[in-house]
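Lettering of chains follows the sequences in order, A, B, ..., and the numbering in each one begins at 1.
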Amino acid sequence: AQSVTQLGSHVSVSEGALVLLRCNYSSSVPPYLFWYVQYPNQGLQLLLKYTSAATLVKGINGFEAEFKKSETSFHLTKPSAHMSDAAEYFCAVSDGGDYKLSFGAGTTVTVRA
Amino acid sequence: EAGVAQSPRYKIIEKRQSVAFWCNPISGHATLYWYQQILGQGPKLLIQFQNNGVVDDSQLPKDRFSAERLKGVDSTLKIQPAKLEDSAVYLCASSLGTRLAGVETQYFGPGTRLLVL
């Protein structure tokens, strides 16, 4: 069975500062990894996904994530935070066998002006 | 392209009452998922359909929850009777379901926020 752990339920950053959201996974097979964003009162939107191609994955809105097998991590970064990045972010893992996603508990990002 | 549609967006009921949620997936998507998202937690899969057949319902509390996907398109999730702990956001998602290779992107609807009093 696969699972993810998101370190830090809340992250506060200043506008223009680096955004770093941490995700560690557990999987018995090579995983597929995802980052989703959820704005208030909306559904989840895919930011990016890792499917065993390049280890550095670029997504929408300037976000990127790096798959590190040795650290079982898939941290999400954005060089410069914007006010519109305030949202909740979820890391998810799938083993690909049945397309099921297992989500982390989420990290809420607030951006200070 | 229209996204995943859900209704209602909000619902308030008293415990022991019944409630139903509706989902219309993206056109052509064979796989449909229902998730439960409790406040402060990530979404948890309740049930997964491939066309109108159930692929996985291992996390569905079958004594009170039921779901169907007639004709392989729209789906309805029902709770009867509701308990206080059912208060959550219920998300519907869909994916192509071609099962050709790899993992497909799931597209989520806006969710139905349920409050059980």
Please determine whether the number of non-hydrogen atoms from other residues, nucleotides or ligands lying under 6.0 Å from atom NZ of B/K62 exceeds 12.
yes

So which of B/P43, B/C92, B/G42 has the biggest tally of heavy-atom pairs under 4.5 Å with chain A?
B/P43

For A/N61, is there any backbone N or O sitting under 3.5 Å from a side-chain donor or acceptor partner on A/K78?
yes

Keeping B/D57 on the side-chain end and B/I47 on the backbone end, is there a donor-acceptor pair under 3.5 Å?
no

Which portion of A/Q45 sits near chain B, non-hydrogen atoms under 4.5 angstrom
neither

Under the criterion ring-ring contact (aromatic ring centres under 6.0 Å, His included), which of B/Y35, B/W34, B/Y33 is the partner of B/F108?
B/Y35

Portion of A/Y36 that has a non-hydrogen atom of chain B nearer than 4.5 angstrom
side chain

Between B/L70 and B/N52, is any pair of side-chain heavy atoms under 4.5 Å apart?
no

Within the structure provided, determine whether A/F90 and A/Q6 are in side-chain contact (heavy-atom separation under 4.5 Å).
yes

Give the member of B/S95, B/G111, B/G109 that has the highest number of heavy-atom pairs under 4.5 Å with chain A.
B/G109

Turns out that what part of A/L44 lies under 4.5 Å from chain B's heavy atoms comes down to both

How about A/S102 and A/V4: do any of their side-chain heavy atoms sit closer than 4.5 Å?
no

Taking a cut-off of under 4.5 angstrom between non-hydrogen atoms, the residues of residues 4-20 of chain B near chain A are B/R9, B/Y10

Value for CZ (A/R22) from SG (A/C91), rounded to nearest 0.5 Å, stands at 13.0 Å

